[in-house]
Amino acid sequence: MRSARILVTGGSGFVAGSIIRQASPEIDLHVVSRGKPLLARPGLTWHTADLSSDTATALLNKIEPAAIIHTAALADIDYCQAHQDEARLVNTGLTVTLAKECAESGTRLIFLSTDTVFSGERGNYKESDQPRAVNFYAETKIAAELALVYSEVNAVIARVALVMGLPVLGAGNSFLSRMIATLEAGKVITVPENEIRTPIDVITLGQALLELASNSFVGIMHLSGNDTVNRYELAKRIVKRLGHSEDHVKAHDPSGIPGRAVRPRDVSLKNTRARNLLSTPLCGVDEGLERVLAFQKGAK
Ligand SMILES: NC(=O)c1ccc[n+]([C@@H]2O[C@H](COP(=O)([O-])OP(=O)(O)OC[C@H]3O[C@@H](n4cnc5c(N)ncnc54)[C@H](OP(=O)(O)O)[C@@H]3O)[C@@H](O)[C@H]2O)c1
């Protein structure tokens with residue numbers, strides 16, 4: 001017998017791929033994506049549809065999920081800065097529509113927010129700290145968070161840290177893939193030294209989101225790894241683990257690059273709440289990388 005029905009939005013995305021690949025066959029899993037099905041298996045129904053505020057109601061009435069893991073978003077910070085109307089429509093507008101629908105139908109909503117809702121002046125942020133946007137992407141996510149806080153919806157705001165991993169289904173927003181492509185092209189990887197994060201691996205993140213879809217926690221939860229690291233150190237550790245020289249990684253200051261949106265400096269997250277409430281074990285960078293590589297090996 002199948003357990004509750006879960007809908008994942010943004011099916012071809014990086015994080016969605018991990019959720020879909022790891023969902024137990026017991027789950028009645030539905031995926032909505034603008035793209036064609038990337039996986040076929042019993043218990044999985046793929047809906048090719050353009051999810052927007054205009055189409056969401058009909059789609060939800062048809063699927064009637066018990067929970068939604070809402071990963072769909074414009075997640076490219078620079079793109080959002082340059083296309084603000086579109087970013088607002090997708091990242092805030094669509095989330096607000098889903099929240100209204102979920103409140104009416106009693107559907108649980110797991111919304112993916114970001115560590116970059118914080119200004120980055122201090123770091124080590126906990127759930128009760130006050131967000132303050134330094135770029136437009138963050139503004140759209142904060143507006144969506146506020147809409148959830150002030151609605152009657154049974155929702156989790158999952159503030160996700162920098163996600164480390166390789167796509168396991170579609171493609172999407174993976175910095176690790178871009179690093180490997182740069183290495184394979186024999187080029188130097190340039191990374192900012194002044195951006196501090198608490199990366200989470202995409203495999204652990206997928207498990208945590210599936211757990212949240214099925215448990216009863218309501219509120220904000222930080223989903224991050226256990227290590228605080230700057231992006232330059234992170235890149236060096238990854239490159240070394242992949243068997244290359246750390247000389248392939250160079251620190252640079254990208255702040256002057258035309259079109260690059262401002263980034264917060266230190267958006268490291270405290271993940272004590274997640275560690276106390278989830279049975280999914282959170283881990284540090286090295287173990288996270290091992291989880292990613294082991295999953296990739298198993299998936300081949
Ligand atoms: N990656 C990170 O490091 C990171 C860190 C913090 C938070 N997050 C958040 O985590 C979530 C997932 O991120 P991700 O890295 O998996 O991003 P991603 O790879 O870019 O995937 C997002 C997916 O959203 C869907 N989408 C894009 N534009 C859309 C539109 N106009 N209308 C409807 N759907 C649209 C697309 O799926 P289809 O084409 O299949 O519809 C896309 O593949 C996002 O909410 C992001 O803000 C990510």
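Just so you know, ligand 1 is whichever comes first in the structure, and atom 1 is the first atom listed for that ligand. These values consider heavy atoms only, across backbone and side chains, with no hydrogens, waters or symmetry-generated copies. What you are looking at is a predicted structure, and each value in this text was computed from that prediction instead of being measured.
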* Asked: Can a donor-acceptor pair be found between the side chains of Glu101 and Thr97 at a distance below 3.5 Å?
  -> no
* For atom 45 (O) of ligand 1, which protein heavy atom lies nearest, and how many Å away is it? -> Lys141 NZ, 2.8 Å
* For ligand 1, which atoms, with element, lie under 4.0 Å from some heavy atom of Leu112? -> 10 (O), 11 (C), 45 (O)
* Asked: Any donor-acceptor pair under 3.5 Å linking the side chain of Asn91 with the backbone of Arg88?
  -> no
* To do: Would you check if the side chain of His83 reaches a backbone N or O of Tyr79 as a donor-acceptor pair within less than 3.5 Å?
  => yes
* Any idea which part of Tyr137 is under 4.0 Å from ligand 1, heavy-atom wise: side chain, backbone, both or neither? -> side chain
* Asked: Which of the atoms in ligand 1, numbered in the order shown and given with their element, are less than 4.0 Å from a heavy-atom of Val163?
  -> 1 (N), 2 (C), 3 (O), 4 (C), 5 (C)
* To do: Run the numbers for me: atoms of ligand 1, each under 4.0 Å from some heavy atom of Ala75, listed by number.
  => 17 (O), 46 (C), 47 (O)
* Under 3.5 Å, is there a donor-acceptor pair between the Ser33 and His47 side chains? -> no
* Can you find an N/O atom of Ser12 closer than 3.5 Å to an N/O atom of ligand 1? -> yes
* In terms of residue, atom name and distance, what is the protein heavy atom nearest to atom 11 (C) of ligand 1? -> Thr71 O, 3.3 Å
* **N/O donor-acceptor pair under 3.5 Å between Arg5 side chain and Ile63 backbone** => yes
* With a 4.0 Å heavy-atom cut-off (strictly under), which part of Leu74 contacts ligand 1: side chain, backbone, both or neither? -> side chain
* **Ion pair check, Glu121 and Arg132, cut-off under 4.0 Å** => yes
* Asked: What residue and atom, counting heavy atoms only, is the protein's closest point to atom 40 (O) of ligand 1, and at what distance?
  -> Ser33 OG, 2.5 Å
* **Expected output: side-chain Thr204 to main-chain Leu282 donor-acceptor under 3.5 Å** => no
* Asked: Can Asp50 and Ser52 be counted as having a side-chain donor-acceptor contact under 3.5 angstrom?
  -> no
* Among all protein heavy atoms, pick out the one at the shortest distance from atom 7 (C) of ligand 1; state its residue, atom name and that distance to 0.1 Å. => Ser113 O, 3.3 Å
* With only distance considered, is Phe14 within less than 3.5 Å of ligand 1 through an N or O on each side? -> yes
* Within reach of ligand 1, part of Ala161 (heavy-atom separation under 4.0 Å) -> backbone
* **Of the listed options Val160, Leu89, Leu176, Asn173, closest to atom 6 (C) of ligand 1 (non-hydrogen atoms)** => Val160
* Asked: Can you find an N/O atom of Ala72 closer than 3.5 Å to an N/O atom of ligand 1?
  -> no
* Asked: N/O of Ala171 under 3.5 Å from N/O of ligand 1, yes or no?
  -> no
* Asked: What are the atoms of ligand 1, with element, lying closer than 4.0 Å to any heavy atom of Leu51?
  -> 32 (N), 33 (C)
* Asked: Taking N or O atoms only and a 3.5 Å limit, does Arg34 qualify as a polar contact for ligand 1?
  -> yes
* Tell me, which protein residue and heavy-atom name are nearest atom 16 (O) of ligand 1, and how many Å apart are they? -> Val15 N, 2.8 Å
In a table with atom names and distances, give each donor-acceptor pair under 3.5 Å that connects a side chain of residues 176-189 to protein atoms at least two apart or in another chain.
residue: Ser177; atom: OG; partner: Ser174; partner atom: OG; Å: 3.0
residue: Thr182; atom: OG1; partner: Arg178; partner atom: O; Å: 2.8

* Charged tip of Arg231 within 45° of Phe175 ring normal and under 6.0 Å -> yes
* Asked: Strictly by modelled atom types, are Glu195 and Tyr232 linked by a side-chain donor-acceptor pair under 3.5 Å?
  -> no
